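Hydrogens, waters and symmetry mates play no part in the numbers below; they use all other heavy atoms, side chains included. Source: prediction; values computed, not measured. Both counts, for ligands and for their atoms, begin at 1 and track the order of listing.
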Amino acid sequence: MVVPGPAARTLVTGPRELVRRVGRARRVGTAFGRIYLGIKGHQLLDRHLRPTDMDLRWHRLHREHARILHRSALELRGLVLKGCQFLSARADVLPPEYVETLSKLQDRVPPTPADRAVGLVERELGRPLREVFAHFDRRPVASASLAQVHRAVLRDGREVAVKVQHPGIEALVRADLASLRLLFGTVERIEGSLALTPLLDEIAEAVPTELDFRAEARHAERLRALFAGRREVVIPEIVHELSTRRVLVLEFLEGIKITDLPGLEAAGVDPGRVAQLLAEVFAEQILRFGFFHADPHPGNLIVLPDGPRLGLLDFGLAKELPPHFREDLVAFVLSLLRGDSREMAAALVRLGFETRDGRPDSLDEVARLVLALAVRARDRAHLDPDLVEEARREIGEALRRNPVVRIPGHLVLVGRVMGLLSGVSRSLGSRVDLARTLLPYVAPAPPTR
Ligand SMILES: Nc1ncnc2c1ncn2[C@@H]1O[C@H](COP(=O)(O)OP(=O)(O)OP(=O)(O)O)[C@@H](O)[C@H]1O
Ligand SMILES: [Mg+2]
C-alpha cells in the first residue's frame, strides 16, 4: 500500500502558506471559469450562426484558451505546468491550437538565471565549476517543469547534460499536492461512493520522488539494464559521482525531438517507423518488465537518426507494477485481442475495478462496450475526438446505472502513458497496428519441453 508522505497530508503550514495557496487556487479557478464560459458561449452561438462563421470563431477561441493556459502554467508552475504539459501532448484529442502553444511547456519554459543555476551546481557538488567541467555552457539547452539542462564537457572529455533543479520548485509541488488532496477529498465526499484516494495516493507517491534526482538516476540505470539487449533504445548513462538530489549529470544525447516532423524528414527518418518503435518500447516496459518510464511527453523523447533509435530522457516519473497486477494487465490485453468479454470482465475484477452494486459480473457490460469500441478503433494507434466522444457517451450511459466506484491506483500512470503515446503517435501521423504490436508481449509462452 502507498503511504503518503507527511507533507502530502499536511493541509496548510502557516498563514503565509495559506494566502499563497488560496491565491493559486483562485487563479486556477479564474482560468478554468473563463475557458468553461467561453466554450458554453460558443456552443450557444453554434446553434445560430453559419458553420463557416463558427469555424473561425472556434479557432479564435481555442487560440485564446491556449494562451490563457500557457500564461497560467508559466505563472503558477508546479503541478499546473505539469498538467498543461500533459495537454500539450494530446494532439489526438485536442485542437491544434492547444498543442501548438502549450508544447513550449515541454522544453522551452523560461529558465532560472545562469548565475543561480551555476551557484546551485557548485553548492550541490561542493566544488567550483571549473574543477569538474572542462566546459560548461551557461545557456541552458532546454528548460522544463522541474529543471533546466546545461550542456557541459567533463574533464575527461565526456559530453554531458547537467540537469539543475529549479529553486523553490519542491515547496510549490508539495503545496499543490496538498491542494489536490483537499479537492479530491471534497469530490469524494460529494460523490459518496467514488473512491479517489487510491488515485491521489499514487500521485502523492510519484511526484515527490520526481524531485529527488538520485531516484531518477536509479530509474534510468534500471531501464538501461533492462534494455541493454535492444540496440534501438538509448538511455543516457548516469555520472553517479556528480549526481545529487538537485543536480543530475548524465550522458548528452544528440537527436531530434520526436514531434519535429521537418527535422525527422530532413534526417531521412520515417515517422511511421518511429511510431512503431515507440509503441513496442512502451509495450515492452509495461507488459513485460512491469517497470516503465511514466512521462513520455514529446520533450522527453528524442530520435537518433541512425537506425532510427529512440532515446528516452527524464526518468523522474517511473512506475513499478506489482507482479500480479502486471499479469492481470496482460490478461486484460489478451482478452481484448481475443475479443473475449468474459475474460476481460474477470481481468477487470482482478485488477481491482469495482462497481457500486459490488457484483463482479456487472463489469461484463463495460467489457462488452470496451470490446465494441476496440473493434472500431482497430488499426489506429491513437484515439481521435470522435471515438473518444462515442466512448464517453456509451460507457458513460452504462456507468450511470451502476458506476465504477473504485479504479485501481496502479492504473493512474499506465493511463497517463497511454494518453501521451496516443498523442505522440497522432503527431507522427502514424498508423500502428496495435493488435500486432501488442501480441508478442502478451502471448502465452510456448510450452517448454
Ligand atoms: N541527456 C540529455 N541529453 C540532451 N538533452 C537532454 C538530456 N536530458 C534532458 N535534456 C533536455 O532537457 C529538457 C529538460 O530535461 P528534463 O526533461 O529531464 O527536465 P524536467 O523538468 O524533469 O522535465 P518535465 O517537465 O518533463 O518533468 C528535455 O526536454 C530535453 O530537451
Ligand atoms: Mg522532461
Side-chain angles (χ1 to χ4, degrees), residues 70 73-74 76-89 102-112 117 120 136-137 139-154 158-170 172-173 176 203 206-217 219-221 223-224 233-240 242-243 245-260 263 293-305 309-319 413 416-417 419-420 423-424:
H70 183 251
L74 289 187
L76 298 170
R77 306 276 181 123
L79 294 189
V80 178
L81 200 157
K82 282 229 146 246
C84 290
Q85 231 180 23
F86 180 76
L87 296 180
S88 77
L102 297 181
S103 61
K104 290 181 227 154
L105 302 172
Q106 294 160 0
D107 49 15
R108 279 176 286 155
V109 170
T112 303
L120 187 93
F136 185 98
D137 203 343
R139 242 182 62 181
V141 286
S143 175
S145 68
L146 307 178
Q148 63 198 43
V149 166
H150 293 262
R151 198 175 180 148
V153 182
L154 294 182
R158 274 180 289 171
E159 295 254 355
V160 291
V162 183
K163 176 167 173 174
V164 188
Q165 192 165 107
H166 297 312
I169 195 73
E170 183 159 357
L172 216 55
V173 167
D176 282 351
I203 301 172
V207 170
T209 312
E210 224 188 326
L211 295 162
D212 183 353
F213 290 173
R214 290 166 308 187
E216 172 165 354
H219 298 154
E221 288 288 288
L223 275 177
R224 221 174 114 80
V233 184
V234 183
I235 292 170
E237 193 171 352
I238 305 287
V239 184
H240 284 285
L242 296 178
S243 296
R245 207 181 150 74
R246 295 190 185 83
V247 171
L248 183 69
V249 178
L250 67 170
E251 177 187 345
F252 195 92
L253 289 193
E254 193 90 62
I256 303 158
K257 187 169 170 176
I258 196 162
T259 44
D260 176 7
H293 183 305
D295 201 10
H297 71 69
N300 297 338
L301 299 168
I302 193 166
V303 177
L304 291 79
R309 293 184 294 159
L310 179 67
L312 302 182
L313 299 172
D314 190 357
F315 302 85
L317 205 56
K319 167 76 184 168
L413 292 176
R416 177 184 171 88
V417 167
L420 290 171
V424 176

For atom 9 (C) of ligand 1, the protein heavy atom that lies nearest, with its residue and separation:
Val149 CG2, 3.6 Å
Is a donor on one side and an acceptor on the other found under 3.5 Å between the side chain of Asp295 and the backbone of Leu317?
no
Per-atom filter on ligand 1: closer than 4.0 angstrom to a heavy atom of Glu210 are 27 (O)
At what distance is the nearest protein heavy atom to atom 6 (C) of ligand 1, and which residue and atom is it?
Leu313 CD1, 3.8 Å
Report yes or no: does Glu237 contribute a side-chain atom to a donor-acceptor pair with the main-chain N or O of Glu251 at less than 3.5 Å?
no
Please check if the side chain of His293 supplies one atom and the backbone of Leu313 the other of a donor-acceptor pair under 3.5 Å.
yes
I'd like to know if the side chain of His297 reaches the main chain of Val424, judged simply by a donor and an acceptor atom lying under 3.5 Å from each other, with no hydrogens or angles considered.
no
Residue Leu250 vicinity, atoms of ligand 1 by number, heavy atom under 4.0 Å
1 (N)
For atom 29 (O) of ligand 1, what is the nearest protein heavy atom, given as residue, atom name and distance?
Gly299 O, 2.7 Å
Could you grab the distance from atom CD1 of Ile238 to atom CZ of Phe315, nearest 0.5 Å is fine?
7.0 Å
Looking at Ala147, which atoms of ligand 1 are within less than 4.0 Å of one of its heavy atoms?
21 (O)
Taking 2.8 Å as the cut-off, does an N/O/S atom of Ser145 lie below it from the Mg ion (ligand 2)?
no
Please state which part of Ala144 comes within less than 4.0 Å of ligand 1, counting heavy atoms only: side chain, backbone, both or neither.
both
Please state which protein non-hydrogen atom is closest to atom 22 (O) of ligand 1 and give its distance, to 0.1 Å?
Lys163 NZ, 2.9 Å
Glu251 to ligand 1, any heavy atom closer than 4.0 Å
yes
In the protein, what heavy atom is nearest to atom 4 (C) of ligand 1, and what distance, to one decimal place, separates them?
Leu253 O, 3.3 Å
Under 4.0 Å from any heavy atom of His297, which atoms of ligand 1 are there?
24 (P), 26 (O)
Just jot down the ligand 1 atoms closer than 4.0 angstrom to any heavy atom of Asn300, in number order.
17 (O), 26 (O)
Ligand-side contact atoms (ligand 1) for residue partner Ala142, heavy atom cut-off under 4.0 Å
11 (C), 12 (O), 13 (C), 31 (O)
Test item: Ser103 side-chain N/O and Ser88 main-chain N/O as donor-acceptor pair under 3.5 Å
no
Taking the side chain from Asp176 and the backbone from Leu79, do they hold a donor-acceptor pair closer than 3.5 Å?
yes
Out of the N/O/S atoms in Asp314, what is the name of the one closest to the Mg ion (ligand 2)?
OD2
Are any side-chain N or O atoms of Arg416 and backbone N or O atoms of Ala294, one a donor and one an acceptor, separated by less than 3.5 Å?
yes
Protein heavy atom at shortest distance from atom 27 (O) of ligand 1
Lys82 NZ, 3.0 Å
Any side-chain to backbone donor/acceptor pair from Glu170 onto Leu211? Under 3.5 Å, distance only.
no
Pull out every atom of ligand 1 sitting under 4.0 Å from any heavy atom of Leu146, numbered as shown with elements.
21 (O)
Regarding Asp212 and Arg214, does a basic nitrogen lie under 4.0 Å from an acidic carboxylate oxygen?
yes
Where the side chain of Ser243 meets the backbone of Val249, is there a donor-acceptor pair that is under 3.5 Å apart?
yes
Closest non-hydrogen protein atom to atom 20 (P) of ligand 1, residue and atom name please, with distance?
Asp314 OD2, 3.5 Å
